[in-house]
Amino acid sequence: ADGAVQPAPPKPPAFRWWSQEGLVANIARVSSEFRLWRQLEPVRFCVMGPPGSGALSVGRALADRYNLPHMVLEDLVEEVRAKETPTGQALRDKFTEIEAAFANPKSTGPWLLPASLTVKVVEEALATKPCEYRGWVLTGFPQTLEEATELFTEEGPPAAVDPAEAEAKAKDPKAAKGKKDEPVAERVPRAGFRPDAIAIVAASEESCLAGMQAHDKPEEQWMPSFKKKFERWQKEFPEGFP
């Protein structure tokens with residue numbers, strides 16, 4: 001009715017909202033703050049070594065000590081291999097090639113999984129929530145510098161370009177031909193994947209062979225692969241360590 005008192009519009013709060021959209025919409029921020037204020041930063045260990053060196057035992061001990069997920073390359077590969085995923089199919093196809101190579105005395109390979117596949121397997125495992133928030137112990141990886149580079153680093157920001165050279169190239173692109181190549185961006189540590197510490201287990205071939213023979217598997221099942229993996233380790237790390 002005319003003359004009725006209309007309620008005044010609500011005044012905005014005298015404070016700034018923090019996570020105004022609610023808990024669910026801001027769960028990542030809440031989780032980050034929880035870890036920050038309680039100093040619960042993830043811890044990441046990497047345990048490297050040739051096959052049979054005892055790296056698995058070292059990795060297991062670290063995982064138990066710090067209550068971290070223990071990621072073992074061979075276990076991850078078998079787990080993904082059994083899945084109906086693109087990566088699982090790629091692993092099955094590559095293992096078929098490898099088995100055929102070992103069965104053919106005249107074959108030139110492939111003998112081992114390529115870095116493109118092993119990095120993909122490990123990358124998917126380390127991207128899970130337990131690893132993201134708690135950390136991890138990664139055992140048996142990397143085995144090559146290529147694997148380490150692909151997983152632990154990424155391309156940094158573009159390298160600085162000399163303004164004078166850039167201006168000259170813009171004015172006369174033909175004149176710029178033949179000059180030194182464009183600066184290449186350096187690789188930088190990859191956030192969430194760079195290990196905080198790396199343990200390297202050095203061992204002789206005889207010691208590694210004895211370690212493999214201590215397992216229950218028949219020698220014919222692992223010996224051909226062991227030889228190729230040990231040869232690769234020696235080639236990558238002639239001194240026994242990076």
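Residue indices begin at 1 and follow the sequence shown. Nothing here was measured: the structure is a model prediction, and the numbers come from that model. Heavy-atom basis, side chains included; hydrogens, waters and symmetry copies ignored.
Proximity of a side-chain donor or acceptor of Glu150 to a complementary backbone N or O of Ser116 within less than 3.5 Å is not detected. Side chain of Arg194 to main chain of Pro189: no donor-acceptor pair is present (N/O by atom type, distance under 3.5 Å, no hydrogens or angles). Within the 3.5 Å criterion, the main-chain N or O of Ser204 finds no donor-acceptor partner in the side chain of Ser207. In this structure a side-chain-to-backbone donor-acceptor pair under 3.5 Å is missing from Gln213 to Cys208.
The hydrophobic clustering, which links ILVMFWY residues whose side-chain heavy atoms are closer than 4.5 Å, places Leu76 and Leu112 together. Cluster membership for Leu68 and Leu126, using ILVMFWY side-chain heavy atoms within less than 4.5 angstrom, is not shared. If you chain together hydrophobic residues whose side chains sit under 4.5 Å apart, Phe95 and Val119 fall into the same group. Hydrophobic clustering of Ile, Leu, Val, Met, Phe, Trp and Tyr side chains at less than 4.5 Å, counting indirect connections, unites Leu117 with Phe102. No path of Ile, Leu, Val, Met, Phe, Trp and Tyr side chains, each step under 4.5 Å between heavy atoms, connects Val47 with Phe141, placing them in separate hydrophobic clusters.
A cation-pi arrangement is absent between Lys217 and Trp222 under the rule of less than 6.0 angstrom and at most 45 degrees off the ring axis.
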field: Trace of the side chain to side chain contact (heavy atoms under 4.5 Å, CB included) decision for Thr144 with Arg232
entry: CA-CA 8 Å; Thr144 67; Arg232 179 180 62 181; 3.6 Å; yes
- Is there a side chain to side chain contact (heavy atoms under 4.5 Å, CB included) between Glu123 and Phe193 once you walk through the steps? CA-CA 8 Å; Glu123 191 176 52; Phe193 287 88; 4.1 Å; yes
Using the salt bridge (charged side-chain N to carboxylate O under 4.0 Å, His left out) rule, take Lys83 and Glu79 through it: C-alpha gap first, then chi angles, then the decisive distance, then the call. CA-CA 7 Å; Lys83 294 181 178 179; Glu79 180 182 338; 3.8 Å; yes
How far apart are the C-alpha atoms of Arg92 and Glu84, what are their side-chain angles, what is the distance that settles it, and do they pass the side chain to side chain contact (heavy atoms under 4.5 Å, CB included) test? CA-CA 10 Å; Arg92 290 191 291 274; Glu84 293 300 326; 3.4 Å; yes
Stepwise side chain to side chain contact (heavy atoms under 4.5 Å, CB included) test for Leu138 and Leu151: CA-CA 12 Å; Leu138 177 59; Leu151 183 66; 4.3 Å; yes
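Closest non-hydrogen pair, Phe237 versus Gln143, comes out as CE1-O, 3.7 Å. Closest heavy-atom contact between Met48 and Pro142: CE-O, 3.6 Å. Of all heavy-atom pairs between Pro114 and Lys94, the closest is CD-CG, 3.9 Å. Shown here for Ala127 and Glu132, the closest heavy-atom pair between the two residues is O-OE1, 4.4 Å. The nearest pair of heavy atoms linking Met71 to Ala125 is CE-O, 4.1 Å. Between Lys229 and Pro51, the shortest heavy-atom distance links the atoms CB-CG, 3.8 Å.
Glu97 CD to Ser107 OG: the interatomic distance, rounded to the nearest 0.5 Å, is 10.0 Å. Expressed to the nearest 0.5 Å, how far OG1 of Thr87 lies from NZ of Lys120 amounts to 5.0 Å. Note that the CD atom of Glu78 and the CG atom of Leu73 stand 10.0 Å from one another [nearest 0.5 Å]. Annotation: the span from His215 atom NE2 to Met212 atom CE amounts to 6.0 Å, rounded to 0.5 Å.
Ring orientation note: the planes of Phe152 and Trp136 are close to parallel, at an angle under 30° on the 30°/60° scale. Ring orientation note: the planes of Phe226 and Phe230 are tilted relative to one another, at an angle of 30° to 60°.
Here Glu155 pairs with nothing under the side chain to side chain donor-acceptor pair (under 3.5 Å) rule; sequence neighbours left out.
Residue Glu74 places its CD atom among 12 or fewer non-hydrogen atoms of other residues, nucleotides or ligands, all under 6.0 Å distant.
Residues Leu56 and His70 form a side-chain contact, since some pair of their non-hydrogen atoms from C-beta on lies under 4.5 Å apart.
Remark: of the listed residues Val58, Leu62, Asp196, Leu62 is the sole one forming a side chain to side chain contact (heavy atoms under 4.5 Å, CB included) with Phe45.
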